[in-house]
Protein chains: 2
Amino acid sequence: MATIKDVAEKAGVSIGTVDRIIHNRGRFSQKTAKKVKKIIHDLDYRTNIQARNLSLSKQCSIAVLIPHPDQDSNYWQLPYNGMRTALEELATSHVSADFFHFDRHDKDTLFQALNMMAEKEYDAYVAAPLIPDEFLESYEDIFQSKPVVFFDTDIENSHRLLYIGQDSREAGHLAAKLINLLCHNKKMRVLIVTPATENDHLTSRILGFRERVTMEHDIIRIPTDNSNAVETYAEIKDQLKSKYQAVYVTDSSSHQIASLIKERNLNSDVALVGYDLVEKNIEYTKRGVIDFILTQRPFEQGYLSIKSLYQKVILGTVIQKEHFMPIDIITAENISCYVESLSGKT
Amino acid sequence: MATIKDVAEKAGVSIGTVDRIIHNRGRFSQKTAKKVKKIIHDLDYRTNIQARNLSLSKQCSIAVLIPHPDQDSNYWQLPYNGMRTALEELATSHVSADFFHFDRHDKDTLFQALNMMAEKEYDAYVAAPLIPDEFLESYEDIFQSKPVVFFDTDIENSHRLLYIGQDSREAGHLAAKLINLLCHNKKMRVLIVTPATENDHLTSRILGFRERVTMEHDIIRIPTDNSNAVETYAEIKDQLKSKYQAVYVTDSSSHQIASLIKERNLNSDVALVGYDLVEKNIEYTKRGVIDFILTQRPFEQGYLSIKSLYQKVILGTVIQKEHFMPIDIITAENISCYVESLSGKT
DNA sequence: AAGATATGCGTTAACGTTAACGCATATCAT
DNA sequence: ATGATATGCGTTAACGTTAACGCATATCTT
């Protein structure tokens, strides 16, 4: 691989001139520029990123704003692990991050987190803007013109650098397809179990599901304020098998339904499709109580959030505006490899 | 992030001494070693890989031995693309590769490729050892003690550095599960379509499938020497729908069956499950003619093959001996994101 | 006791890139 | 004509790490 020195020698100029031409920093004649550019092309010269980083020694401090890792059945642990892995890899490239957590059902905790975050200025931001309106209030003030990556949830017209996420409607379609397949006998109904607190993803997952499901369905909303979730589950338990042949859970809590099915010994009779490969869901999927788990690679979402900011801020790469993760279908027969690769990357 | 200079200053020694202690190159006293190691730990010093690479400027020339990219319905294009992407990323890290291709159904072409490869000595090797016995003949001579990555197919007891691949039996189990689900009416039979030329993967995929499938099944072998494949397909076409409710294709050629189904207008009546997201399969999957495609991330297999050798040879990382890829389930509802990410990587 | 070897350590060029700096000419304004 | 600015280019320190080299002492040979 040719170096800048090779180019300079072949062009009969100094590396300074070549550098100025490459970065268009002025102070060169069009004549030499043309000559140098031709040689760059001929030698297939590409700048050595390692040397570039070393020389620039750019910093990138990142503030990360996400829910507490243990919320949603420890779902947030997964992107968190992805971010930590990326930060580990990039530690010597001067990428570092501070984490700020909030309770996704409590707006006050979001404001607190935002205030704490505002105390210091960061070079870039990663956020899961689960409470969009409250986010937007502080958006201009805190995030300013710094690069911002949203993951999990997007905010339109927010001048964010990148959104990393999922196509929730497709995920709903897919769940419907699987439920349809699982229920050969379509006389009974399917129950949609979803958190009482609405959000875009859940709405889209339900919408997509309804568009494709061939069975009649009911919907039940689980209280998220810890009030009487227990009674709601008890209610579901009563109606399992007698009324419902299938259950579709729109968030990561399908293990709750799985445990009800287990209690009733209804294993193979009730079809169960849910989301997210959190620990509690893994066991039930291995045993076939949960028939299918859909995931959108949360580990990779976290990993990519950090890595993208590195590319933007340190390397100066132009990056795409959106990155949709594939929807993986996980079931007893293929879960092992997904679980193995859950913690590590590359 | 602390540098070696920081460590040296804090320990009151020179960076040379610190370096010798870190790499255990002798010429230091146990006393200073202890002090320096403590400081390294306290400061959480980690060596800057970029600077390390720059300084070492190690080379890694790789020889890659794989079938022609257009074999198996262009399947081999996929890992090939993964390798090219990795090589692109690592070009300035002094990683380069030469490619040697062979016809997977013609042993002579393998010997030719091996001979060409032997003309030059490489720092490392990547191979898809699809014809294991012939591979082993040349193994000792050519590969010697250099690091070797096998992907797609493994050879036991071969002192390879790493195997990147798939669990074919699980892939068979999974296919059986999907076929079972697709065929509510289990009165008819399922047809297993497989190439006449045996190999480990195909055998395992069939074995796994048979272990789990609940329907009666027949097997038909497609000639691979281009002799009378056309007649064999014609035979299948005659029996579609009248005799078979489902078809399981063990390699990447399910588009062949899909086109037969299309010709007969049997879309939704015949269940079709196959492997590999090659171009011809994509269109039929989008249209729902192919119900499910299973893949084992061939792009990533190629990408990781090169990247692993880089880690081993250039970075000196200790790497694992085996890497099994997840088996992805792809269907009309989730294919779009998989196709998008097919060509590019991070 | 004189030379040989071993031990412990510091210094430095090199890897490839960047960007500040300096030095000539050339062109401008007044 | 004289100073001011612009143009075109070369030189160089710095980024962090590595490994060769050199220089003292110390310990061993015979």
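Numbered from 1 within each chain, the chains take letters A, B, ... in sequence-line order.
Between the side chain of A/R25 and the base of C/dA19, a donor-acceptor pair under 3.5 Å is found. For A/R46 and C/dG16, a side-chain-to-base donor-acceptor distance below 3.5 Å is absent, hydrogens and geometry of angles not being considered.
One finds a side-chain N or O of A/S29 lying less than 4.0 angstrom from the OP1 or OP2 phosphate oxygen of D/dC9. When the side-chain nitrogen and oxygen atoms of A/H23 are compared with OP1 and OP2 of C/dA19, none of them lie within a distance under 4.0 Å.
Within the nucleic acid shown, B/T92 has no heavy atom closer than 4.0 Å to any nucleic acid atom. The residue A/R27 sits close to a base: some heavy atom pair falls under 4.0 Å. Among the atoms of the strands shown, only primed sugar atoms or phosphate atoms (P, OP1, OP2) are found under 4.0 Å from some heavy atom of A/N48. Among the heavy atoms of the strands lying under 4.0 Å from A/I15 is at least one base atom, whether or not backbone atoms are also near.
As a whole-Å value, the separation of A/Y45 OH from C/dT18 C1' is 10 Å. Counting to the nearest Å, the C1' atom of D/dA19 and the CG atom of B/L54 are 14 Å from each other. A straight line from CD1 of B/I314 to P of D/dT18 spans 14 Å, rounded to a whole angstrom. Nucleotide D/dT17 holds its P atom 13 Å from the CD atom of A/Q50, rounded to whole Å. As a whole-Å value, the separation of A/L56 CG from C/dG16 P is 17 Å. In this structure, B/D19 atom CG and D/dC21 atom P are separated by 15 Å, rounded to whole Å. Whole-Å rounding puts the A/Q59 CD to D/dG16 P distance at 10 Å. Taking atom CG of A/L315 as the reference point, atom C1' of C/dT17 lies 14 Å away to the nearest angstrom.
In this structure, a donor-acceptor pair under 3.5 Å is absent between the side chains of A/T92 and B/Q50.
Here B/D42 pairs with B/K38 in a salt bridge; the nearest charged N to carboxylate O distance falls below 4.0 Å. Note on A/K120 versus A/D98: salt bridge recorded, some NZ/NE/NH1/NH2 to OD/OE distance being below 4.0 Å. We find that A/R160 and A/E322 are joined by a salt bridge, their nearest charged nitrogen and carboxylate oxygen being less than 4.0 Å apart.
Nucleotide D/dC23 forms a pair with C/dG8, judged by Watson-Crick or G-U wobble geometry with both contacts under 3.5 Å. Pair assignment for C/dT18: D/dA13, on the basis of Watson-Crick or G-U wobble contacts that are both within less than 3.5 Å.
Checking A/S55 against B/T32, the closest nucleotide of DNA chain C that is more toward the 5' end is the one next to B/T32. Nearer the 5' end of DNA chain C, as judged by each residue's closest nucleotide, is the contact made by B/S14, out of A/T47 and B/S14.
Checking each of B/R52, B/R27, B/R25 against B/D19 for a salt bridge (Lys or Arg N to Asp or Glu O under 4.0 Å) leaves exactly one that passes, namely B/R25.
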